[in-house]
Each structure stands twice: as C-alpha cells, then as structure tokens.
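See below for the structure under consideration.
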Amino acid sequence: MIVLRGVSTPIRILSRIRSAKSVIRNVSSEADLKKTVLHDFHVEHGAKMVPFAGYSMPVQYKAGLVSEHLHCRSSAAIFDVSHMLQSKIYGRERVKFMESLTVADIEGLPPNKGTLSLLINDRGGIIDDLIINQTSEDHLYVVSNAGCADKDQAHIRSRLESFRAEGHDATFEPLPDMALVALQGPAMARVLQAGVSDDLHKLTFMSGVTTSVFGIPGCRVTRAGYTGEDGVEIAVPASRAVELTTKLLESQDAAVALAGLGARDSLRLEAGLCLYGNDIDDDTTPVEASLTWTIGKRRRQLADFPAADLILQQIKDKPKRRRVGIVSTGPPIRAGVEIFSATGDSIGRVTSGCPSPSLKKNVIMGYVTTPHAKNGTKVNFQVRKKTIEGVVTKMPFVPSGYHIVK
C-alpha cells in the first residue's frame with residue numbers, strides 16, 4: 001500500500017484508483033506492466049510509478065499529490081492518459097451501431113461534438129462509461145477506460161459481428177499509435193492557444209477539432225477532461241507525445257505542472273465524477289448512478305437502447321438506491337465504509353472518499369436508499385469506533401470551470 005502525505009492524514013491512493021487491486025493481483029513483476037510512450041519522461045521528471053490497469057503509471061511527482069491538485073485548480077496541469085482506449089468507428093451505419101450499445105443520442109450530435117455515454121448490458125448495468133465524438137470526418141471517435149479495455153473490445157467486437165451478419169455496415173478500429181495527453185486547469189487556453197491556429201474560445205466544452213498543435217499535425221483536441229476544470233484532451237501521434245508534453249510543460253504563458261493519478265482521483269471526486277469499478281459497475285444502472293441525464297430524449301421516446309424496458313421502468317418507479325455526494329469533517333471516509341441514517345439504520349455504503357485539498361473537508365460518494373438521497377439529509381459513519389457525521393450534498397462539491405458559451 002502506497003501512502004501519500006500532504007493533507008492532515010495519509011491518503012492511501014491505491015485503495016481508490018480504478019482496477020488497482022486486480023492489477024496488483026495479476027502482475028507478477030514490473031516487467032509484466034505495459035508502458036505508455038511517456039513512461040521514461042515520467043521517470044526522468046521524478047514520478048513515483050505504480051501499477052494501474054496493467055500499466056506502469058505516475059501516481060505523483062516530487063511536489064506531491066496536494067500540490068499537483070491545487071496547481072490544477074489554480075493554473076494548469078498535464079496528465080498522461082495514453083493508457084485509455086482510443087478507437088474509431090467507421091461505416092455508413094456507425095451511428096446505428098454505437099446507439100445499439102449505448103444510451104446516447106449520437107444521431108443528434110452536431111459535427112465535432114461529443115457526449116458522455118454508457119455501454120449498457122442486458123441487465124441494465126454499466127459495462128463502461130465513455131466519450132463518443134461525432135466528427136466531421138467519416139468516423140466516430142471514442143475514448144473509454146483503460147481498466148475496461150479488454151471487456152469493452154470483446155463486447156464491441158461480439159456485437160459488431162452480429163450487426164454485420166445482419167447486413168449492416170460498421171467497423172471498429174482501436175488506435176494503438178495515438179497517445180493521449182490531458183491539459184487541465186483555468187490557464188489551459190492561454191497555454192494551448194500559443195500552439196494552435198484555431199480560436200480556442202470557439203471550442204466549447206465537449207467540442208473537438210483535428211488540427212496541428214505546436215507544429216505537430218494529426219492531433220485531435222477535445223475540450224473535455226476528468227477534473228471539473230476547463231481543459232482539453234489531445235490525441236497525438238505516439239511518436240511525438242514527448243515533444244508535445246515538453247512544449248506544454250515549458251509554456252511561457254502560465255505555470256504548468258505534471259500531475260499523477262493521485263491528483264487526478266481527488267480532482268475528479270471534488271468534481272463529482274464517477275470512477276468505474278468504484279462508483280459504477282456492471283451491476284449498477286444509470287438511474288441508480290444518478291446518470292439518467294446521459295439517456296438521450298429521443299432514445300427514451302424510442303426505447304431502443306439496451307435494457308430500455310428495465311431502465312425506463314426504474315425511472316418511472318424510482319430505484320431503491322441512488323448515488324449521492326456527502327461531506328463530513330474528521331477522519332477520512334474511505335470506500336467500503338457503511339453509511340447509517342441519523343437514527344442508526346444501515347442505508348448504504350461509500351464508493352469513493354478522500355480529504356478535499358480544495359475544501360479542507362471530506363468529500364464522499366456512495367449509494368444510499370432513495371428516501372435518504374435528498375440533499376441536506378444527515379448521515380453517520382463509524383470510523384475506528386467513532387461516530388462521524390455527514391450531510392448529503394449536491395455535486396459537484398467544487399464548482400465546475402467548463403468552457404460553455406451561452
């Protein structure tokens with residue numbers, strides 16, 4: 001167990017990082033881990049490397065998790081997310097195919113716009129969360145989680161085989177030769193504008209464009225991220241990822257820092273964003289996860305997404321449990337801790353939790369029975385035989401800084 005310090009109490013980050021337990025079980029040595037193209041760059045810059053989703057990834061640099069977290073909130077931070085699964089969906093019926101797997105209204109997306117969506121199984125559970133981009137070219141551009149890459153590809157290929165056997169036209173192409181670098185924080189636009197000819201003000205949240213970045217052609221810049229801040233994810237040819245990261249880090253327009261998985265986790269939790277394997281999984285429905293908003297209006301009307309009958313009925317009747325945000329003070333509240341009502345009844349369990357570097361209090365995500373999901377509801381936790389009080393709170397815990405032009 002790796003312990004990071006910098007808040008009032010240790011942060012046991014590996015207990016919160018997606019797929020960490022399965023990775024540690026299945027990896028016998030460092031040699032078994034895959035490496036992103038930026039691996040040596042991380043080591044040269046003093047990163048502490050840990051196993052994550054089958055990769056050797058930076059958990060923090062010399063400045064530490066809290067410093068990286070706060071730097072992202074105040075200026076800009078670089079995250080290596082090249083371990084994520086990038087893919088393209090081609091074919092005349094590519095939209096029809098992806099809509100057969102997800103809840104998104106992809107048909108209704110304008111060119112070069114994206115959306116968060118969910119791969120859904122036949123029980124209504126979430127196979128994975130992913131970003132689907134409707135490009136102005138001849139394909140959809142999709143980014144999904146590294147920890148789910150094998151099962152995602154198996155699911156997509158299996159359904160694609162049936163889809164094509166019925167005479168439909170779609171193909172699936174992973175992009176192993178593309179790296180993915182995230183630049184996140186309020187100073188992002190100043191830093192990146194120096195390297196692109198496009199006016200970044202016109203690139204709004206969840207929009208994307210294929211362009212050159214600092215002279216590197218063939219990059220796809222998507223205004224998105226996993227921190228709650230204004231930011232971009234840049235798909236860049238792997239052979240030039242170090243060059244791009246170096247140019248971003250050496251920016252003269254704002255202070256840019258490298259950040260690891262530790263800060264990425266605390267940032268996303270403050271932003272109220274789910275971590276697959278902790279907050280959502282194959283046995284959790286979009287309604288239970290408070291992600292009903294991802295189901296497009298047209299998709300609801302047609303009821304043509306996986307497990308639509310079950311999910312639509314759950315929307316109507318309300319689920320037995322819901323994902324909520326909770327704040328508390330005192331000792332950190334970790335994943336797995338039981339949640340009690342103010343009268344002492346067991347009502348749920350924590351799925352993610354950490355001391356918030358921004359708020360100086362604990363931010364917690366978990367599932368509680370629906371009658372206790374209302375904002376303002378008081379709850380309790382038992383930590384080392386002490387009762388810790390908490391309050392169900394609206395998420396995000398920290399206001400989002402997404403670039404939305406009205």
Within a 6.0 Å radius of atom [atom1] on [X], are there more than 12 heavy atoms belonging to other residues, nucleotides or ligands?
X      : atom1 : answer
Asp150 : CG    : no
Lys202 : NZ    : no
Asp199 : CG    : yes
Glu173 : CD    : yes
Lys151 : NZ    : yes
Asp317 : CG    : yes

Which label fits His83 and Tyr55: parallel for a plane angle under 30°, tilted from 30 to 60°, or perpendicular past 60°? perpendicular

Is the distance between the ring centroids of Phe205 and His403 under 6.0 Å? no

Any side-chain to backbone donor/acceptor pair from [X] onto [Y]? Under 3.5 Å, distance only.
X      : Y      : value
Thr135 : Asn112 : no
Lys360 : Pro357 : yes
Arg322 : Val287 : yes
Glu68  : Gly260 : yes
Thr285 : Gly125 : no
Ser207 : Thr204 : yes
Asn362 : Pro331 : yes
Ser82  : Thr36  : no
Thr245 : Ala241 : yes
Asn145 : Leu85  : no

Is there side-chain contact between [X] and [Y], with at least one heavy-atom pair below 4.5 Å?
X      : Y      : value
Ser358 : Leu70  : yes
Asp230 : Pro186 : no
Trp293 : Leu116 : yes
Thr210 : Cys219 : no
Ile127 : Asp282 : yes
Ser87  : His139 : no
Leu183 : Phe79  : no
Pro58  : His39  : no

Using 4.0 Å as the upper bound for N to carboxylate O, is an ion pair formed by Asp122 and Arg159? yes

Salt bridge check, Glu99 against Arg298: does any charged N sit closer than 4.0 Å to a carboxylate O? yes

Show your working on side chain to side chain donor-acceptor pair (under 3.5 Å) between Arg94 and Thr171 and close with a plain yes or no. CA-CA 7 Å; Arg94 57 186 179 273; Thr171 58; over 6 Å; no

Checking Arg321 against Tyr367: charged group under 6.0 Å from the ring centre and within 45 degrees of the axis? yes

Give the intermediate values and the outcome of side-chain contact (heavy atoms from CB on, under 4.5 Å) for residues Asp105 and Lys297. CA-CA 8 Å; Asp105 180 5; Lys297 181 178 179 181; over 6 Å; no

Residue pair [X] / [Y]: nearest heavy atoms and the distance that separates them:
X      : Y      : answer
Gln134 : Val95  : NE2-CG2, 3.9 Å
Tyr276 : Cys148 : CD2-SG, 3.3 Å
Leu269 : Phe397 : O-CD1, 3.2 Å
Phe163 : Ala170 : CE2-CB, 3.9 Å
Gly344 : Phe340 : O-CD2, 3.5 Å
Thr102 : Ser117 : CB-OG, 3.4 Å

Regarding [X] and [Y], is there a side-chain donor-to-acceptor distance under 3.5 Å anywhere?
X      : Y      : answer
Tyr141 : Gln86  : yes
His201 : Gln193 : no
Ser346 : Glu338 : yes
Thr343 : Ser341 : yes

Pair Ile339-Ile326, side-chain contact (heavy atoms from CB on, under 4.5 Å): steps then yes or no: CA-CA 10 Å; Ile339 305 171; Ile326 304 171; 4.1 Å; yes

Check against side chain to side chain donor-acceptor pair (under 3.5 Å), Thr387 and Asn380: CA-CA 6 Å; Thr387 298; Asn380 292 321; over 6 Å; no

Before you tell me yes or no, could you show the steps for Arg323 and Cys274 under side-chain contact (heavy atoms from CB on, under 4.5 Å), namely the whole-Å CA-CA distance, both residues' side-chain angles and the distance that decides it to 0.1 Å? CA-CA 10 Å; Arg323 178 175 64 92; Cys274 293; 3.4 Å; yes

May I have the step-by-step check of side-chain contact (heavy atoms from CB on, under 4.5 Å) for Cys354 and Arg334, ending in yes or no? CA-CA 7 Å; Cys354 74; Arg334 304 298 184 192; 4.1 Å; yes

Hey, could you give me the [atom1]/[atom2] distance between [X] and [Y], rounded to the nearest 0.5 Å?
X      : Y      : atom1 : atom2 : result
Thr222 : Ile234 : OG1   : CD1   : 9.5 Å
Ile311 : Glu288 : CD1   : CD    : 9.5 Å
Asn133 : Arg220 : CG    : CZ    : 5.5 Å
Asp304 : Lys96  : CG    : NZ    : 8.5 Å
Met206 : Ile132 : CE    : CD1   : 9.5 Å

Stepwise side chain to side chain donor-acceptor pair (under 3.5 Å) check, Thr369 with His372: CA-CA 6 Å; Thr369 53; His372 296 90; 2.8 Å; yes

Set out, in order, the CA-CA distance, both residues' side-chain angles and the distance that settles side chain to side chain donor-acceptor pair (under 3.5 Å) for Glu389 and Ser328, then state yes or no. CA-CA 6 Å; Glu389 296 181 348; Ser328 78; over 6 Å; no

Check the pair Asp152, Arg157 against salt bridge (charged side-chain N to carboxylate O under 4.0 Å, His left out), reporting the backbone distance first and the verdict last. CA-CA 8 Å; Asp152 285 0; Arg157 292 184 189 282; over 6 Å; no

Taking ring pair (Phe, Tyr, Trp, His ring centres under 6.0 Å) as the test, write out the residues that go with His155, two or more places apart. none

